[in-house]
A.B. asks: 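I'd like to ask some things about the structure below.
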Protein chains: 2
Amino acid sequence: MDSKQQLLQQSIAAKEIFLPHISADPVIFGFEHNELKVLLLKTNYRQKWLLPGGYVRKDEDLDEAVQRILKERSGITDIYLEEFGVFGKKNRSEFHFEDFDETLFQKQRFITVGYYALYSPSKFHLIPDEFSETCEWVFLSKLPQIEFGMDHYEIIQKALFTLRQKISTKPIGRNLLPEKFTLPELQKLYEAVLGKELNRGNFYRKIKNLGILKKLEEQRRGGAHKAPDLYSFDEENYIKAMKNGMNSW
Amino acid sequence: MDSKQQLLQQSIAAKEIFLPHISADPVIFGFEHNELKVLLLKTNYRQKWLLPGGYVRKDEDLDEAVQRILKERSGITDIYLEEFGVFGKKNRSEFHFEDFDETLFQKQRFITVGYYALYSPSKFHLIPDEFSETCEWVFLSKLPQIEFGMDHYEIIQKALFTLRQKISTKPIGRNLLPEKFTLPELQKLYEAVLGKELNRGNFYRKIKNLGILKKLEEQRRGGAHKAPDLYSFDEENYIKAMKNGMNSW
DNA sequence: CCAAAAGTGTTCTTCGTACACCCATGT
DNA sequence: ACATGGGTGTACGAAGAACACTTTTGG
């Protein structure tokens, strides 16, 4: 079945099941090789990269919808998503389905709700859905070089901006790093999100004063030079710090 | 024409003009007598208080929609609105139109987008639309005593929370205070938003260091005791401060 | 033993907090 | 003149910024 046939078929079912005009788009961030990456799908149709978004069922809450969509399109489950913006320009998807007539469900005007989340890529196996060729992590530095459908690049930009705001008041890392990690690794994560270098000494002191870390009785061996200490997050204090907030970086 | 007839009539036109399932609700904050207030409408139908929300035309951007809605329902124009949340529970308006059958446009499931803004009430004359009995500023302290339709109380709560977050990083007051104002007045505004008292001396120093104020060559006469100096905002620096942000209170 | 990275300590400055003091005005 | 609120100054401590120093490891 080619991709156009596939979309037409989906369209018929969609009209029954989903609310018209409303969609949700999750922006999932990951961290690897000291760089941030985003989860994207390359659709069979038109070969453009898109966020793994979808539609809202008539009988489910919006929150439930995003969770389901993400699961169906990528295989990711159990992830905390946070709304960060609504994209409602009337012609935001104008040229995306130009091969189809107006009866296609997917072609109608959509107002989309953006959600973002942080997720550790190692935790699961990506499974693209039937409409997508690939489901891939794409590094932020590569984004300007790939071709997006609709306004999805803009959506990612805003998600990233929101993440930067967030890191200034709440701790980040619990979902992006493995169980055990080193302080230099955590610092690299913060630097990747903020897009600037941080002073080592000051970072160490500040993060330790937050009290969200537990120092383990082991080091990460294997690298050249001094072996760094391993840490894990102190669940209880981490949750407290999430609520209370802090100052800035 | 009674209120039920009115709603039925509106329903017919609405199906032509508006997108289904999507609405926008503006939460407009004002400041008077050292207290915050919110702009609300009391609908003819069912006598519940509601935000002055409405629907999105098929041929307008979402941003345009909120502006138009607010203008039509209250008379307010030229105001900067900022999205703060989406409310999409499937049964959020379940009991609101129970006197009607499912064909009523207004009764369908709506996912609503919340916008908030700050506005100086003195600047305009409130004009309720034809569907509303009154268009009124209601003080925050009175909110628990009035009866809201749907989940609009919850929406206001989140708007207020967002405003508190915002005041911590960006200056506030430009839209909420008259052209000329005194530092004690500004401080009262901050205290009202934050819900706690601030130290006078520290507030003065901090706000002055922001450089967003212009001291005028006059005082506010008439009150008892010492006449306080009048200030106005320095447009240029205010806008800068809006962009740059600052620390916390 | 040395280079390089990890971890700690020191100093300076900035900024928030608390509070004291002076100033101006209407009663 | 004096009580009251407006405006300014000061002293202390916490926290950020910059940087020096020590420690540990692999080569």
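Letters A, B, ... are given to chains in the order of the sequence lines, protein chains preceding strands, and every chain is numbered from 1.
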A.B. asks: For B:Lys71, which residues count as a salt bridge (Lys or Arg N to Asp or Glu O under 4.0 Å) partner, sequence neighbours excluded?
C.D. replies: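 Counting only residues at least two positions away or on another chain, B:Lys71 forms no salt bridge (Lys or Arg N to Asp or Glu O under 4.0 Å).
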
A.B. asks: Which residues pass the ring-ring contact (aromatic ring centres under 6.0 Å, His included) test with B:Tyr116, sequence neighbours left out?
C.D. replies: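 Here no residue qualifies.
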
A.B. asks: Residues from residues 191-199 of chain B sitting under 4.0 Å of DNA chain D, heavy atoms only?
C.D. replies: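 The stretch gives none, as no residue of it lies under 4.0 Å from the strand.
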
A.B. asks: Can you check the A:Arg220 CZ to D:dG26 P distance for me, whole Å?
C.D. replies: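 Atom CZ in A:Arg220 sits about 14 Å away from atom P in D:dG26.
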
A.B. asks: So which pairs with a foot in residues 150-164 of chain A pass salt bridge (charged side-chain N to carboxylate O under 4.0 Å, His left out), sequence neighbours left out?
C.D. replies: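 Sorted pair list: A:Arg92-A:Asp151.
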
A.B. asks: Roughly, in whole Å, what's the span from CG in B:Asn209 to P in C:dT14?
C.D. replies: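 In whole Å, C:dT14 P lies 12 Å from B:Asn209 CG.
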
A.B. asks: In whole angstrom, give the distance that lies between atom CG of A:Asn34 and atom C1' of C:dA5.
C.D. replies: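 Checked: the CG to C1' distance equals 14 Å.
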
A.B. asks: What's the CD1-P distance between A:Ile207 and D:dG16, to the nearest Å?
C.D. replies: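 From A:Ile207 CD1 to D:dG16 P: 11 Å.
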
A.B. asks: Compare the minimum distances between each of D:dG7, C:dT8, D:dT8 and the side chain of A:Lys215, then state the nucleotide with the smallest one.
C.D. replies: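 Minimum distance to the A:Lys215 side chain belongs to C:dT8.
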
A.B. asks: Take B:Val38 and B:Val138 through the side-chain contact (heavy atoms from CB on, under 4.5 Å) test and state the conclusion after the steps.
C.D. replies: CA-CA 5 Å; B:Val38 179; B:Val138 179; 5.5 Å; no

A.B. asks: For residues 134-150 of chain A, pull every pair meeting salt bridge (charged side-chain N to carboxylate O under 4.0 Å, His left out), keeping only residues two or more places apart or in separate chains.
C.D. replies: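 Residue pairs passing salt bridge (charged side-chain N to carboxylate O under 4.0 Å, His left out), neighbours aside: A:Lys48-A:Glu147.
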
A.B. asks: Can you list everything that forms a salt bridge (Lys or Arg N to Asp or Glu O under 4.0 Å) with A:Lys226? Sequence neighbours excluded, please.
C.D. replies: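 Salt bridge (Lys or Arg N to Asp or Glu O under 4.0 Å) list for A:Lys226, sorted by chain: empty.
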
A.B. asks: Is the distance from OP1 or OP2 of D:dT8 to the nearest side-chain N or O of B:Arg205 less than 4.0 Å?
C.D. replies: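 The answer is no; no side-chain N or O of B:Arg205 sits under 4.0 Å from OP1 or OP2.
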
A.B. asks: Rounded to whole Å, please give me the gap between CD in B:Gln219 and C1' in C:dG26.
C.D. replies: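 Whole-Å distance recorded here is 15 Å.
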
A.B. asks: Rounded to whole angstroms, how far apart are CZ on A:Phe203 and P on D:dG16?
C.D. replies: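 So the two atoms are 13 Å apart, to the nearest Å.
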
A.B. asks: Tell me whether the centres of the aromatic rings in A:Tyr190 and A:Phe203 are closer together than 6.0 Å.
C.D. replies: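 Yes, close enough.
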
A.B. asks: Under the rule for salt bridge (Lys or Arg N to Asp or Glu O under 4.0 Å), what residues qualify as partners of B:Glu72, not counting sequence neighbours?
C.D. replies: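 B:Arg68.
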
A.B. asks: Quick one: the side chain of B:Asn202 and the base of C:dA18, do they pair up donor-acceptor inside 3.5 Å?
C.D. replies: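 Answer yes: a donor N or O sits under 3.5 Å from an acceptor.
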
A.B. asks: Any side-chain N or O of A:Lys208 less than 4.0 Å from the OP1 or OP2 oxygen of C:dG7?
C.D. replies: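 For C:dG7, OP1/OP2 do not have a side-chain N/O of A:Lys208 under 4.0 Å.
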
A.B. asks: Whole angstroms only, please: what is the CG-P distance between A:Leu186 and C:dA6?
C.D. replies: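 Roughly 13 Å, once rounded to whole Å.
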
A.B. asks: Grab the NZ-P distance between A:Lys206 and C:dT14 for me, whole Å please.
C.D. replies: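 Nearest whole value for this atom pair: 18 Å.
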
A.B. asks: Please tabulate, one pair per line, each protein N/O and nucleotide N/O from nucleotides 4-6 of chain D that are separated by under 3.5 Å, including the distance.
C.D. replies:
residue: D:dT4; atom: O2; partner: B:His225; partner atom: ND1; Å: 3.0
residue: D:dG6; atom: N7; partner: B:Arg200; partner atom: NH1; Å: 3.4

A.B. asks: State which residues pass salt bridge (Lys or Arg N to Asp or Glu O under 4.0 Å) with A:Asp129; sequence neighbours excluded, sorted by chain then number.
C.D. replies: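 Testing A:Asp129 for salt bridge (Lys or Arg N to Asp or Glu O under 4.0 Å), a comparison that skips the adjacent residues, returns A:Arg73.
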
